[in-house]
Amino acid sequence: NAGVTQTPKFQVLKTGQSMTLQCAQDMNHNSMYWYRQDPGMGLRLIYYSASEGTTDKGEVPNGYNVSRLNKREFSLRLESAAPSQTSVYFCASSLAGGEYEQYFGPGTRLTVT
Amino acid sequence: GENVEQHPSTLSVQEGDSAVIKCTYSDSASNYFPWYKQELGKGPQLIIDIRSNVGEKKDQRIAVTLNKTAKHFSLHITETQPEDSAVYFCAASSRGNNRLAFGKGNQVVVIP
């Protein structure tokens with residue numbers, strides 16, 4: 001089992017460019033999450049998908065969109081990147097919601113210039 | 001929503017000593033309290049968790065205690081080793097809640 005995989009590992013964007021971060025899990029989990037991590041700010045939830053076919057906003061959804069493509073895959077899209085979106089992005093999955101262990105991917109380090 | 005706070009933000013300990021990190025939470029309905037460890041350049045990983053029907057849980061050198069009345073829970077690491085150096089996050093969730101509320105993290109540095 002690969003667990004949670006994320007692509008790409010690193011990305012540099014110019015302001016205004018768009019990109020999609022990909023996430024996939026092979027554990028047959030129902031719930032998937034996107035977080036961003038900034039120094040001193042901990043893990044902040046951007047969007048989550050409690051189950052296939054549903055998505056909900058987290059704490060910091062502005063500037064992002066998500067797609068739960070199927071049970072395995074949950075992508076995060078930046079339509080018009082801004083320097084404030086420079087961060088490390090983590091995807092996570094859990095069997096069924098907040099009371100279950102979340103498994104995190106290795107992260108994507110994004111720089112917007 | 002739930003608000004989780006962690007103290008202290010940075011903790012330095014001598015190798016072999018104990019480390020304690022404390023978290024407070026605001027929602028009395030919270031019933032699940034996990035701790036995650038994040039090593040440099042990696043994603044967080046669950047190390048121990050506790051549910052509200054239990055006051056303490058141990059796993060080798062780590063333990064978690066929960067005080068529901070005071071709404072705080074703590075991570076205890078005994079006989080610290082250099083590989084314990086990492087960022088530790090506490091979190092909380094309640095039954096039926098699809099998300100975890102994370103604290104901001106504690107940097108633990110074990111000095112050889």
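Only this structure's heavy atoms are used, side chains among them; waters, hydrogens and symmetry mates stay out. Just so we're on the same page: letters track the sequence lines, and every chain starts at 1.
Within residues 60-87 of chain B, no residue has any heavy atom closer than 4.5 Å to a heavy atom of chain A.
The shortest side-chain heavy-atom distance between B:Gln45 and A:Tyr103 does not fall under the 4.5 Å cut-off. For the pair A:Glu99 and B:Asn31, the minimum side-chain heavy-atom distance is below 4.5 Å. Residues B:Phe89 and A:Gln37 form a side-chain contact, since some pair of their non-hydrogen atoms from C-beta on lies under 4.5 Å apart. At least one side-chain heavy atom of B:Arg99 sits less than 4.5 Å from a side-chain heavy atom of A:Glu59.
With a 4.5 Å cut-off on non-hydrogen atoms, B:Phe33 does not touch chain A at all. Within the 4.5 angstrom heavy-atom criterion, only backbone atoms of B:Asn97 (N, CA, C, O) approach chain A. Heavy atoms of B:Ser94 lying under 4.5 Å from chain A belong exclusively to its backbone. Only the side chain of A:Leu45 comes within less than 4.5 Å of a heavy atom in chain B; its backbone stays farther off. For B:Pro34, no part lies under 4.5 angstrom from a heavy atom of chain A.
Sparse packing is recorded around NZ of B:Lys104, with 12 or fewer heavy atoms of other residues, nucleotides or ligands lying under 6.0 Å away. Heavy-atom contacts from other residues, nucleotides or ligands closer than 6.0 Å to CZ of A:Arg44 number more than 12. In B:Arg51, the CZ atom is crowded: over 12 heavy atoms of neighbouring residues, nucleotides or ligands sit closer than 6.0 Å.
A continuous path of hydrophobic side-chain contacts links B:Tyr25 to B:Ile48 [ILVMFWY only; heavy atoms under 4.5 Å]. Note on A:Tyr48: it does not cluster hydrophobically with A:Tyr100, by side-chain heavy-atom contacts below 4.5 Å among ILVMFWY residues. Cluster membership check: B:Trp35 shares its hydrophobic cluster with B:Val4, using side-chain heavy-atom separations under 4.5 Å among Ile, Leu, Val, Met, Phe, Trp and Tyr. Under the 4.5 Å side-chain heavy-atom criterion for grouping Ile, Leu, Val, Met, Phe, Trp and Tyr, A:Val88 is not connected to A:Leu21 through any hydrophobic cluster. Residue A:Phe104 is not grouped with residue A:Met32 when hydrophobic side chains (ILVMFWY) are merged at heavy-atom distances under 4.5 angstrom, including chains of intermediate members.
Separating the CG atom in B:Asn98 from the CG atom in A:Asn30 is a distance of 10.0 Å, to the nearest 0.5 Å. Between the OH atom in B:Tyr32 and the CD atom in A:Glu101 there is a gap of 6.5 Å [rounded to 0.5 Å]. The structure places CZ of A:Phe90 at 4.5 Å from CD of B:Gln38, a figure rounded to the nearest 0.5 Å. Rounding to the nearest 0.5 Å places OH of B:Tyr36 at 5.0 Å from CD of A:Gln102.
Checked by atom type and distance alone, the side chain of A:Tyr33 never pairs as donor or acceptor with a backbone atom of B:Leu100 at under 3.5 Å.
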